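Got a structure for you, questions after.
All values below come from the heavy atoms of this structure, side chains included, with hydrogens, waters and symmetry mates left out. For ligands, and for the atoms within them, numbers begin at 1 and follow the listed sequence. Index from 1, following the sequence. What you are looking at is a predicted structure, and each value in this text was computed from that prediction instead of being measured.
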Amino acid sequence: MANESDVRYYKPKTKFSLDITDVQNFVYDMSRCIKCKGCSWVDHTYMPGTKFMTRCPSATKYEFDAYGAYGKMRIGHALAEGVLEWNEKALEVLYACTLCGACDVGCKRNLDLEIELSLESLRVKAVKDGIGPMPAHKKIADNIEKHHNMAAAPHKKRTDWIPEGITPSKKADVLYFAGCTASYVNKEIAQSTAKILKAANVDFMLMPDEWCCGNTLFSVGMIDEGKAQALRNVEAVRKTGAATLLTSCAECYRMWKVDYPKLLNIATDDLGFKVVHLVEYVDGMVKSGALKMKNTFETRMTYHDACSMSRLSDPWTPYEGNRGWMGCVEPRLKRRRGTGGIYAQPRDILKAIPGVDLLEMPRMRENAFCCGAGRGVKEAFPDLARSSAAHRLEEVKDIGAETLVTACPWCKNNFAQAVKAAGDDVQVLDISEVICASIESQA
Ligand code: SF4
Ligand code: SF4
């Protein structure tokens, strides 16, 4: 336990690192939350009025202060200092959270506090202390261990999605990592991706034996299991010699680009290959003229920024330094503020499609409201996943959009279920399907 004088004053030269395996690294951040609630409300500059002004799905649903980042920081600080013992409610409060990063970017508008990393570190602590994760997460971990996928689907069927007429190469510069959801559940996303690559004459291969990226393991605090997955997968890709790892799933993208480096204590640039999402790749091809959007798509469309490829996707660099007076750190730490996310590329692609009338929701880019499905929430707190998607759907309808497009199978499924539950007629599509439809005759 930290010495009380250290906690209160943080004498210069207190060691500090961004290692989430030790919650003590984040006691300062948790203790310095001033409860201003900037993590809960959309930036005032962009505040679209009272209807859509919240940014935290957890606080929006449960309303009690405990569920917002400010509450989670209070609880986490007390747990880390040993003045609060774990109990069922504290565990629920910490896991009823999509780790969507909205609080982190909101807080960093004013203060350089590492809220997202504090939340991740608290989950690691929960698992280390033998209380976490939630029972639903343990089931997924079992599935991944036994079947190498979340859904307990037969591993030998992992590549059954490959469409007729397309044969991935044995060796190529581009390696397509389809991920569990697009391999088994949303095959249309993997199929559309392969068709787009074929239409653009991009030679691609698959991983020789693709396993789950381990997103849920990492997200629920099962750090050892997540690290084992990272080591295995990164090594497998390095062996192929691929220069580019391409994903069509936002959660896989964040794992490969940010959380594998975090788990392996290396920088994103040291992976040995570049991680790109399909939309980055397609955007480049559209702008170079290698791919043309030609088929018309007459619709009023809006784009939902998936958290994992937007505010959570700034590259990772390990950091070790010292904390000085007033919390300043040396050497200088370049904070991850969510500004390096993929924001322009999907919008540019959609605007290039003839007939598309692209409308923006009031909460967009760093301020987008999470769909509610990710980071273990859909499995352990289905009500929170449902209410978040339903709330976002209200925003879609409020601007008069007929089609909701995202670039993540988790978002697509959660929104599609919300549309069905509400009996709405909003069309929910993945961006790969929209691109594919616009180039189909080239495919
Ligand atoms: S914005 Fe930061 S300081 Fe303000 S309440 Fe939220 S976590 Fe605390
Ligand atoms: S990560 Fe998202 S859901 Fe969790 S506290 Fe922050 S804003 Fe709320």
Keeping the roles fixed (side chain from Q229, backbone from C212), state whether a donor-acceptor pair exists under 3.5 Å.
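A pair under 3.5 Å: yes.
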NZ/NE/NH1/NH2 to OD/OE distance under 4.0 Å, E360 and R365:
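R365 and E360: not salt-bridged.
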Hey, could you give me each pair passing salt bridge (charged side-chain N to carboxylate O under 4.0 Å, His left out) that has a residue in residues 423-434? Not counting sequence neighbours.
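Salt bridge (charged side-chain N to carboxylate O under 4.0 Å, His left out) check on residues 423-434 returns K397-D424, K412-E433.
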Taking N, O or S atoms only and a limit of 2.8 Å, check whether C97 reaches atom 4 (Fe) of ligand 2.
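Given the 2.8 Å cut-off, C97 counts as a ligand of atom 4 (Fe) of ligand 2.
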Should the pair D283-R347 be classified as a salt bridge under the 4.0 Å nitrogen-to-oxygen rule?
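Answer for the salt bridge query: no.
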Against ligand 2, does G101 come closer than 4.0 Å with any heavy atom?
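It does; at least one heavy atom falls under 4.0 Å.
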Output every pair passing salt bridge (charged side-chain N to carboxylate O under 4.0 Å, His left out) with a member in residues 37-48, not counting sequence neighbours, ordered by first then second residue.
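Only K37-D65, D43-R55, D43-R109 qualify under salt bridge (charged side-chain N to carboxylate O under 4.0 Å, His left out).
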Could you please spell out the steps behind the side-chain contact (heavy atoms from CB on, under 4.5 Å) verdict for K128 and T21?
CA-CA 9 Å; K128 274 191 190 166; T21 62; 4.2 Å; yes
Is the contact between T98 and ligand 2 made by the side chain, the backbone, both, or neither, using heavy atoms and a 4.0 Å cut-off?
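Contact part for T98 vs ligand 2: both backbone and side chain.
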Listed partners of W161 passing ring pair (Phe, Tyr, Trp, His ring centres under 6.0 Å), at least two apart:
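In terms of ring pair (Phe, Tyr, Trp, His ring centres under 6.0 Å), with neighbours along the sequence ignored, W161 is linked to Y176.
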Enumerate the protein residues lying less than 4.0 Å from ligand 1, judged by heavy-atom distances, in chain and residue-number order.
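C33, I34, K35, C36, K37, G38, C39, Y70, C107, L111, I115.
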